[in-house]
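Presented below is the structure to which this report refers.
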Amino acid sequence: MPNMSYCMFENTSNDMQDIIDKMYEDDFRPADLSNSERRAFDAMYDQVMTMKERFDELDDIEREEEDED
């Protein structure tokens with residue numbers, strides 16, 4: 001089910017925390033994932049890297065706007 005825009009970040013953040021918790025379990029190994037889960041794991045890596053880049057850009061924009069004020 002798609003996220004509603006008013007709670008998209010909240011819902012996704014909660015789901016991401018579940019994934020982070022799973023990845024920190026002692027027995028977690030990406031190689032043990034099913035083929036479809038491994039593809040999603042790899043896609044998520046790419047998505048997270050893109051998000052990091054965008055977060056950095058948004059931080060820069062925010063700092064520039066603060067400097068203008």
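The basis for the numbers below is simple: all heavy atoms, side chains too, and nothing from hydrogens, waters or symmetry mates.
In this structure, CD on E62 lies 7.5 Å from CD on E65, to the nearest 0.5 angstrom. If you take CD1 on I61 and CD on E64, they are separated by 7.0 Å, rounding to the nearest 0.5 Å.
When every heavy atom of L33 is checked against every heavy atom of R38, the shortest pair comes out as CB-N, 4.0 Å.
The 12-atom threshold is exceeded at CG of D69, counting heavy atoms of other residues, nucleotides or ligands nearer than 6.0 Å. Crowding of F41 atom CZ: a count of heavy atoms from other residues, nucleotides or ligands under 6.0 Å exceeding 12.
A donor-acceptor distance shorter than 3.5 angstrom exists from the side chain of N14 to the backbone of E10, with no hydrogens or angles considered.
Note on M44 and M23: same hydrophobic cluster, where clusters join Ile, Leu, Val, Met, Phe, Trp and Tyr whose side-chain heavy atoms are under 4.5 Å apart, directly or indirectly. There is no path of hydrophobic side-chain contacts, each under 4.5 Å, that joins V48 to F55. Connection of M51 to Y45 is not established within any shared hydrophobic cluster, with ILVMFWY side chains joined at heavy-atom distances below 4.5 Å, either directly or through further cluster members.
Using a 4.0 Å cut-off between a side-chain N of Lys or Arg and a carboxylate O of Asp or Glu, R63 and D60 qualify as a salt bridge. Electrostatic pairing of D56 and K52 counts as a salt bridge here, judged by a charged N lying under 4.0 Å from a carboxylate O.
A donor atom on one side chain and an acceptor atom on the other are found under 3.5 Å apart for Q17 and D21.
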